Amino acid sequence: MPVADYTTYCKMLDRARENRFAYPAINVTSLTTANAVLKGLAESRSDGIIQVSTGGGAFASGSSVKDMALGAISIAEHVHRVADRYPVYVALHTDHCQADKLDRFVLPLVAETERRRAAGLPNLFNSHMFDGSALPLKENLDIAVTLLERFRKSELILEIETGVVGGEEDGIKAEASAKLYTTPEDTLEVARRLNGIEDARYLLAATFGNVHGVYKPGHVKLKPSILNDCQEAVVRAYGEQARFDLVFHGGSGSSPSEISEAICYGVVKMNIDTDTQYAFTRAIVHHMLKNYDGVLKLNGEVGNKQAYDPRTYLALAEASMAERVKKAVADLGGTGSTLFAA
Ligand SMILES: [Zn+2]
C-alpha cells in the first residue's frame, strides 16, 4: 500500500482506540531498518508507524553531512517508494524534537510537505512530534499552538509531550529531579489550548513514570492509572469527544499488563526503539561470533567473502528486527488488524 494519507491515518488511530489496541511506532535510521519494519508489519498483517529521530536523520544523511532533516527526507522517500509492495498501511512520523531543533528538523520537513502539496504530491510525513516537555507548560503549549495552526493546513498531525520521560534518548538526559508523572491539571490545560483549533488533530504523550532506554523490572514505577485520571478529567471538563489519543514513550521493559492497562486508557501509539535496536544488533553479534575466522583475515588467511559481505549480516539483522516488530504488534494487540484487509 502507499504510505497512509491523512484520512487513512485518522482511520487507523480511530480503529486502534475503538478496538483497544495500539500501533508500534518504530525508530529507523537506515534503509535496512525501515525495510525490517515493513517486513514485520506485513507479516503481522498490521498497519504501523515508522519514525525518524533527529539523531536518526543526521545518521541517515551520512557522517560527513549530518543534516537531520535531509536524512529524514531520504528515509521517507525510500518508504514512499517501497511501501507499495507491502499489503499494509504505514504512516511516517518524526520523533522527539526539542524547541531548539525545530528550525533544523521539523520546520524544514513541514516546508517540504507544503511544497509537495502545492505541486499536487502527497505529504512527506504524516505527523511530527514537538517535545516541549523540558519547558514550562505554558511555553510548551504556546509553541504547540503555533505548530498545530500550521500543521492543520497541510493535514499533518502533531504529537506533544507533557511531563518528562526519564532516561536518555539521542543524548538528551532527563534530570533526576524531572517530573516523571503528568497531572490531570497539565492535560486539562493541553485540551483548553489545543482542542479549539479546528480541523486539527494531535497526539499526547503524557508521561506516567516512563523511562527511555531499557531498565530492569522494578527500577521505575509506571503508573498507567495516571492516564485514566487525565482522561476522566478531560471528559468531565470538555465531553467525550475531548478524550485524548495517547502515546506511550519509554516503554522498553514494560510488562504486558502495564502495556494493556495503558492501551485500555487510550494509548494508540507506542514508541519502540531500544528493543528493536537490540534485536538488530543481536543477529549481527551472533553472525560475527559464529564466523569469527571468516569475517576477519587471521594468520595470513583471506577470510570468507560471503561472511564479511555486509549484506549477509544485515539481512540477518533485518530478519531479526522484523521478528521483534511482530512481537511488538502482538504485544499491542494489533496482529491481523490492517485496514487494508478490512
Ligand atoms: Zn518522550
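These numbers come from the heavy atoms of this one structure, side chains and all, not from hydrogens, waters or symmetry mates. Values in this document were obtained by computation on a predicted structure and should not be read as measured data. Note that ligands are numbered from 1 as they come in the structure, with each ligand's atoms numbered from 1 the same way.
Ser127 pairs in a side chain to side chain donor-acceptor pair (under 3.5 Å) with only one of the listed residues (Arg201, Glu155, Lys269, His93), which is His93. Tested against Phe248, the residues Leu222, Ile263, Val268 include a single side-chain contact (heavy atoms from CB on, under 4.5 Å) partner, Leu222.
Residue contact annotation: Asp131 places no N/O/S atom under 2.8 Å from the Zn ion (ligand 1).
Of all N, O or S atoms in His96, the one lying closest to the Zn ion (ligand 1) is NE2. Within His249, ND1 is the N, O or S atom that lies nearest to the Zn ion (ligand 1). The N, O or S atom of Glu161 with the smallest distance to the Zn ion (ligand 1) is OE1.
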Does Glu18 form a salt bridge (charged side-chain N to carboxylate O under 4.0 Å, His left out) with Arg15? I'd like the steps, not just the answer. CA-CA 5 Å; Glu18 277 157 30; Arg15 185 177 173 89; over 6 Å; no
Run the salt bridge (charged side-chain N to carboxylate O under 4.0 Å, His left out) check on Asp199 and Lys153 step by step: do they pass? CA-CA 8 Å; Asp199 300 322; Lys153 294 177 196 143; over 6 Å; no
